[in-house]
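One structure is given here, and the rest of the page talks about it.
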Amino acid sequence: MKHSIQKEGRCFLVTLFLFLMTIPVVAGTYNVCDFGAKGDGKTLDHLAINKAIDHCVDNGGGKVVVPAGTYLCGSIHLKSHVNLHLEAGAKILAAPAALKAYDESEVFGAPEYQDGGHTYFHNSLIWAERQTDISITGQGMIDGEGLTRHDTEQAGNVQGGSIGTGDKAIALKQCRQVTIRDITIFRGGHFAIIVTGCEIGTIDNVVIDTNRDGIDIDCCKYFTVSNTKVNTPNDDAIVLKSSYALKKPVYCEHILITNCIVTGYKLGTFLDGSYVPEKVNWVCGRIKLGTESNGGYRNITISNCTCMWSSGLAFEEVDQGRMENITVTNIAMEHVHHYPIYITTGCRNRGPKERTDVSYGGNISISHVFATDADSLAGIIVTGMKDYPLRNISLSDIYVEYRGGGKRVETPYREQGTNYPEPRWAGPTPAYGLYARHVDGLRLRDVRFALQRPDERPDIIFEDVDNKSVQ
């Protein structure tokens, strides 16, 4: 009998072991409050959050949970295999510069051909470099109240250093498998989100109401931005860039932007629901490629987006890179600032002087665009460079209603050249509807314009345009 009981016991243990082996191993979940975070809006909590992240990494990765509360923070270090999860009611609040809670900016160690915001990453609220499988998720908020909206470094500073401020809400450099989902970002500083040199990423269902750029995707590949709402009254909403921040020209490529809304309401009024239009002196909203464009852009798709009180689409290749294979479709715009569509190349050449490349733009298709109440400053602009034209540009099924009231333009329209590529510096276009110059291969099909009041300028002007087709 004794041996029978022992045998049955061994069988039970073996069966239990085999059963437990079939249960998937669940990564750990770690509450930041268990590591000392207070969430009272007064205590600096980033040290406790970083401790929780480190513990998570030491145990193979998992979820670091930030429960409801306000967590005053300096720099948070996101690391591989960690999901930083902000629960509903949780707010990460950027500390003021006086607390000197942000990491020192790293040493760049090379000439800077881009702004400090693109050069330095460590002086940010949440940052990661060379990490894999990282994510920021949840229904909580990142409030960058203590971040500056200005660059905090000066070009040419190869020694790094810090002035005690953070200038970006989320900054990721050379990371793989990146996910940012469901969070809200308010007052994101110079950049609410900047990802540079990253691969395989998703930004989905994010709400941003910020004081400078919303989302900057720089020198990245295989990224999707979807179902996201970005309010940027003072700068660009969703921007692709190809700067020299990786110390070499790198393409921004294989990018999808879809089902997004960009607006230019007064800061904070998108989140509180009052939706107050902002007075525009420079630029607001818009989906843009540029201006930093050392490597260029290729295989980009933009679809199913809405722009309200926003500048239009801007595609700018001016730093010796290549802009090609760009497809845009199904865009709705209302109350358009300055221009609805702007495609240009130039020779600003913000990079090493020994480069001999010439900026190139070609194979760009824009279709199914409806824009109403568009500014009279500039119509659709398609301008290449003399001897280096834009090639194979297609505009189809486009309707733009302009405010009108423009005066006839007697002087030649300024060549792009080395200038900063922004139409407002050149003044009104000579045509109110579409102005094209230095283009080889321009196809227009079902492109229509309307005026709210008379305009002295013609609707379309072509200059140095070869192989055009108008239907």
Side-chain angles (χ1 to χ4, degrees), residues 46-47 49-58 61 64 73-84 92 94 101-137 142 144 147 151-153 157-180 183 185 188-203 213 215-223 239-252 292 294-295:
H46 62 284
L47 296 179
I49 294 174
N50 285 330
K51 187 183 297 184
I53 290 173
D54 288 341
H55 186 78
C56 182
V57 171
D58 290 343
V64 173
C73 289
S75 293
I76 296 170
H77 311 146
L78 192 57
K79 296 186 177 181
S80 293
H81 313 303
V82 172
N83 170 210
L84 182 62
I92 292 180
Y102 300 97
D103 294 342
E104 288 190 359
S105 56
E106 61 271 42
V107 175
F108 188 66
E112 297 172 24
Y113 300 109
Q114 60 286 324
D115 296 338
H118 287 287
T119 305
Y120 302 98
F121 293 77
H122 296 183
N123 55 332
S124 301
L125 181 58
I126 301 173
W127 68 267
E129 185 171 357
R130 299 182 184 276
Q131 302 298 305
T132 300
D133 181 23
I134 56 176
S135 56
I136 304 171
T137 64
I142 297 171
L147 301 174
D151 272 346
T152 59
E153 312 294 344
N157 173 20
V158 297
Q159 299 302 316
S162 173
I163 61 172
T165 59
D167 69 357
K168 295 171 280 290
I170 299 174
L172 309 178
K173 182 179 181 182
Q174 293 180 303
C175 296
R176 287 180 57 84
Q177 296 173 255
V178 173
T179 300
I180 302 173
I183 63 170
I185 302 176
H190 191 177
F191 301 110
I193 299 173
I194 181 169
V195 288
T196 298
C198 296
E199 299 183 6
I200 312 177
T202 298
I203 300 172
D213 277 12
I215 300 171
D216 275 41
I217 298 175
D218 185 13
C219 300
C220 294
K221 63 174 65 175
Y222 303 114
F223 255 78
V239 197
L240 305 186
K241 295 188 177 181
S242 180
S243 75
Y244 219 79
L246 301 179
K247 305 177 184 178
K248 61 182 179 180
V250 177
Y251 272 106
C252 193
E292 288 80 0
N294 297 95

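Predicted model only: the values in this text are computed from it and were never measured.
K241 has no carboxylate O lying under 4.0 Å from a charged side-chain N of D115, or vice versa, which leaves the two without a salt bridge. Remark: K79 engages D54 in a salt bridge, criterion side-chain N to carboxylate O under 4.0 Å.
Using a 4.5 Å cut-off on side-chain heavy atoms (C-beta onward), D103 and W127 make contact. Taking 4.5 Å as the limit, every side-chain heavy atom of T202 sits out of range of all side-chain heavy atoms of I180. By the 4.5 Å heavy-atom criterion applied to side chains, F121 and E106 are counted as neighbours.
When all heavy atoms of A128 and C175 are compared, the closest pair comes out as O-SG, 3.8 Å. Between G144 and A94, the shortest heavy-atom distance links the atoms CA-CB, 3.6 Å. Shortest non-hydrogen contact noted between N294 and S243 is OD1-C, 3.4 Å. Nearest heavy-atom pair, D216 versus F191, reported as atom, atom and distance to 0.1 Å: OD2-CE2, 3.1 Å. Closest approach of Q174 and C198 over heavy atoms only: N-SG, 3.7 Å. Taking each heavy atom of S75 and N50 in turn, the nearest pair found is O-ND2, 3.1 Å.
In this structure, the separation between CG on L125 and CD1 on I170 is 8.0 Å, given to the nearest 0.5 Å. The distance from the CD1 atom of I126 to the CG atom of L78 is 7.5 Å, given to the nearest 0.5 Å. Between atom CD1 of residue I193 and atom CD1 of residue I203 there is a gap of 4.5 Å, rounded to the nearest 0.5 Å. To the nearest 0.5 angstrom, I200 atom CD1 is 8.5 Å from Y222 atom OH. How far NZ of K173 is from OG of S124: 11.5 Å, rounded to the nearest 0.5 Å. Interatomic distance, CG of D218 versus CG of L172, reported as 12.5 Å (0.5 Å rounding).
In this structure, H46 contributes its side chain and C73 its backbone to no donor-acceptor pair below 3.5 Å.
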- Item | Intermediate values then yes/no, side-chain contact (heavy atoms from CB on, under 4.5 Å), V82 and V57 | CA-CA 7 Å; V82 172; V57 171; 3.6 Å; yes
- Could you go through the side-chain contact (heavy atoms from CB on, under 4.5 Å) check for T165 and D167 one step at a time? CA-CA 6 Å; T165 59; D167 69 357; 5.5 Å; no
- Evaluation steps, side-chain contact (heavy atoms from CB on, under 4.5 Å), between F223 and L240: CA-CA 11 Å; F223 255 78; L240 305 186; over 6 Å; no
- Task: For the pair R176 and R130, evaluate side-chain contact (heavy atoms from CB on, under 4.5 Å) and give the outcome as yes or no after the intermediate values.
- Result: CA-CA 8 Å; R176 287 180 57 84; R130 299 182 184 276; over 6 Å; no
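Residues S135 and N83 bring a donor and an acceptor atom of their side chains to less than 3.5 Å of each other. A donor-acceptor contact closer than 3.5 angstrom is absent between the side chains of Q131 and H81. With hydrogens and angles left out, the side-chain atoms of Q114 and T119 include a donor and acceptor closer than 3.5 Å. When only modelled atom types and interatomic distance are considered, S80 and D133 share no side-chain donor-acceptor pair under 3.5 Å.
Other residues, nucleotides and ligands place no more than 12 heavy atoms under 6.0 Å from the NZ atom of K248.
Using bins of under 30°, 30° to 60° and over 60° for the plane-to-plane angle, the ring pair F108/Y120 lands in the perpendicular bin.
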